[in-house]
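We count residues from 1, following the sequence as given.
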Amino acid sequence: MRVQRKHVLAATVAVTATVAVSVGTGLGFADTAPVGRSVCAGSVTFSAEGGPPAATSDRFPVGTRLRVTNLDNRKVATVTVTGPSGSCVLLNAAAMDLVREPGKNVVRRNVVERLDGAPAPGAQPGETRPGAAQPIGGSVCSGALTFFAEGGAPAATSGQFPLGTRLRVTNLDNNKVVTVTVTGPSGSCVLLNTAAMDAIREPGKNLVRRNTVELLR
C-alpha cells in the first residue's frame, strides 16, 4: 500500500510540473518560441539608405518579405526587398535601428526568415553559387558594397570565398582601390571592414554602388 501511494504521489508531482511549465509558457514566463531556419548565413549589416524599414538582396526578388531576428536581444524587423545588393540581406538604416544593439553596426547572431515560405532561390546558406567566380578583370560580386565596424588592417568577410582568399576592390566612382584578405564568413559576397571601406569610400558615404571585385590568384 505504501509503495502504491509513493507511485501515485510521484505521478501527481510530474503532472503538476508539466501543467506548470505549460501555463508558464502560455503566460510568457518561458523563452520566446524559437524562430525558424535562417535562409541567409553570416552577419547582417546595413546601408545608409533612408525611408521605412526595408532591405536589398542578391538572392530574393523585389517584393519578397523577410523577418530578421537579432538573437542577442530578440528584436525583430520585418522588411520588404526593394532592390539588388551584394548581400543575402542588406538592411537599410531604419531596419537596422529596429534590431541593432547600441553602438553596433553588425548583427552577428541572427535568423532571416522568408515570410512567404518559399525556399531561397539559387544557393542555400553556406553554399557557393556555381560559376560565381569570374576571371581576373571581371567582377566576382554584383551589387553595392558596404562594411561592418571592425578594426584592424583592411580585410573582408565573405559568404562566397574561403578564408585566405585575396580580393581587389575598386570604387568606380573615384577609382580608389583596396586589396583585402577574407578573414571569415558573412552573408555578403564581400563585406569590407572599416579600414577597407575608408580606403575607397567617398566622403560621407557608407555604400559603394559602382564597384569591381577581382579575385587575385
Side-chain angles (χ1 to χ4, degrees), residues 35 38-60 66-113 125-126 141-161 163 165 167 169-171 173-174 176-211 213:
V35 292
S38 187
V39 295
C40 294
S43 300
V44 170
T45 186
F46 77 110
S47 66
E49 296 284 349
T56 53
S57 176
D58 69 351
R59 185 170 301 177
F60 302 103
L66 303 170
R67 180 168 57 219
V68 181
T69 303
N70 183 339
L71 296 178
D72 288 326
N73 59 15
R74 307 301 292 186
K75 290 184 177 180
V76 177
T78 298
V79 297
T80 300
V81 174
T82 58
S85 73
S87 302
C88 180
V89 59
L90 180 66
L91 302 179
N92 71 351
M96 178 58 95
D97 285 344
L98 290 176
V99 298
R100 78 161 94 214
E101 292 186 282
K104 293 187 178 181
N105 292 324
V106 64
V107 181
R108 297 186 184 280
R109 297 182 62 248
N110 64 79
V111 171
V112 182
E113 300 168 272
C141 296
S142 61
L145 298 179
T146 187
F147 77 108
F148 62 107
E150 186 161 282
T157 55
S158 176
Q160 187 163 304
F161 301 104
L163 190 72
T165 302
L167 303 168
V169 182
T170 304
N171 183 340
D173 288 326
N174 58 16
K176 290 184 177 180
V177 178
V178 65
T179 298
V180 296
T181 300
V182 174
T183 58
S186 72
S188 303
C189 180
V190 59
L191 181 64
L192 304 177
N193 71 350
T194 302
M197 178 58 88
D198 286 345
I200 63 170
R201 78 161 95 214
E202 293 186 280
K205 294 188 177 180
N206 293 323
L207 202 65
V208 180
R209 295 187 181 282
R210 297 181 62 248
N211 63 80
V213 181

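Distance CZ/Arg100 to CG/Asp72: 14.5 Å, rounded to 0.5 Å. For the atom pair OG1 (Thr194) and CZ (Phe148), the distance works out to 7.5 Å, reported to the nearest 0.5 Å. Rounded to the nearest 0.5 Å, atoms CD (Glu150) and CG (Leu192) are 12.0 Å apart. Atom CG of Asn70 is separated from atom CE of Met96 by 8.5 Å, given to the nearest 0.5 angstrom. Arg109 contributes atom CZ, which lies 9.5 Å from atom CD of Glu101 (distance to the nearest 0.5 angstrom). Here CZ of Arg210 is found 10.0 Å from CG of Asn174. Values are rounded to the nearest 0.5 Å.
Among residues two or more places apart in sequence or in another chain, the salt bridge (Lys or Arg N to Asp or Glu O under 4.0 Å) test is passed with Lys176 by none. Scanning for side chain to side chain donor-acceptor pair (under 3.5 Å) contacts around Thr45 gives an empty result, with sequence neighbours left out.
Proximity of Asn105 to Phe46: side-chain heavy atoms (C-beta onward) are separated by under 4.5 Å at one or more points. Looking at heavy atoms from C-beta onward, Leu98 lies in side-chain contact with Pro53 at the 4.5 angstrom threshold. You'll find the side chain of Thr183 reaches within 4.5 Å of the side chain of Thr157, heavy atoms only. The closest side-chain heavy-atom distance from Val107 to Val68 is not below 4.5 Å.
Minimum interatomic distance between Ala153 and Asn193 (heavy atoms only, all atoms of both residues): O-ND2, 2.8 Å. Counting all heavy atoms, side chain and backbone alike, Ala195 lies closest to Gly152 at CB-O, 3.3 Å. Contact record, Ala196 with Ala155: CB-O, 3.7 Å, taken as the closest heavy-atom pair. Shortest non-hydrogen contact noted between Ala54 and Ala95 is O-CB, 3.7 Å. The shortest non-hydrogen separation linking Ala55 to Val79 is CB-CG2, 3.8 Å. When every heavy atom of Ala156 is checked against every heavy atom of Val180, the shortest pair comes out as CB-CG2, 3.8 Å.
Each of Leu91, Leu71, Thr69 was evaluated against Val99; a single residue qualifies, Leu91, per the side-chain contact (heavy atoms from CB on, under 4.5 Å) test.
With hydrogens and angles ignored, the 3.5 Å screen pairs a side-chain donor or acceptor of Arg59 with a backbone N or O of Val39. A donor-acceptor pair is defined here as one N or O able to donate and one able to accept, closer than 3.5 Å; such a pair exists between the side chain of Ser57 and the backbone of Cys88. The closest donor-acceptor contact from the side chain of Asp173 to the backbone of Val208 lies at 3.5 Å or more, if one exists at all. In this structure, the side chain of Asn110 engages the main chain of Gly42 through a donor-acceptor pair within 3.5 Å.
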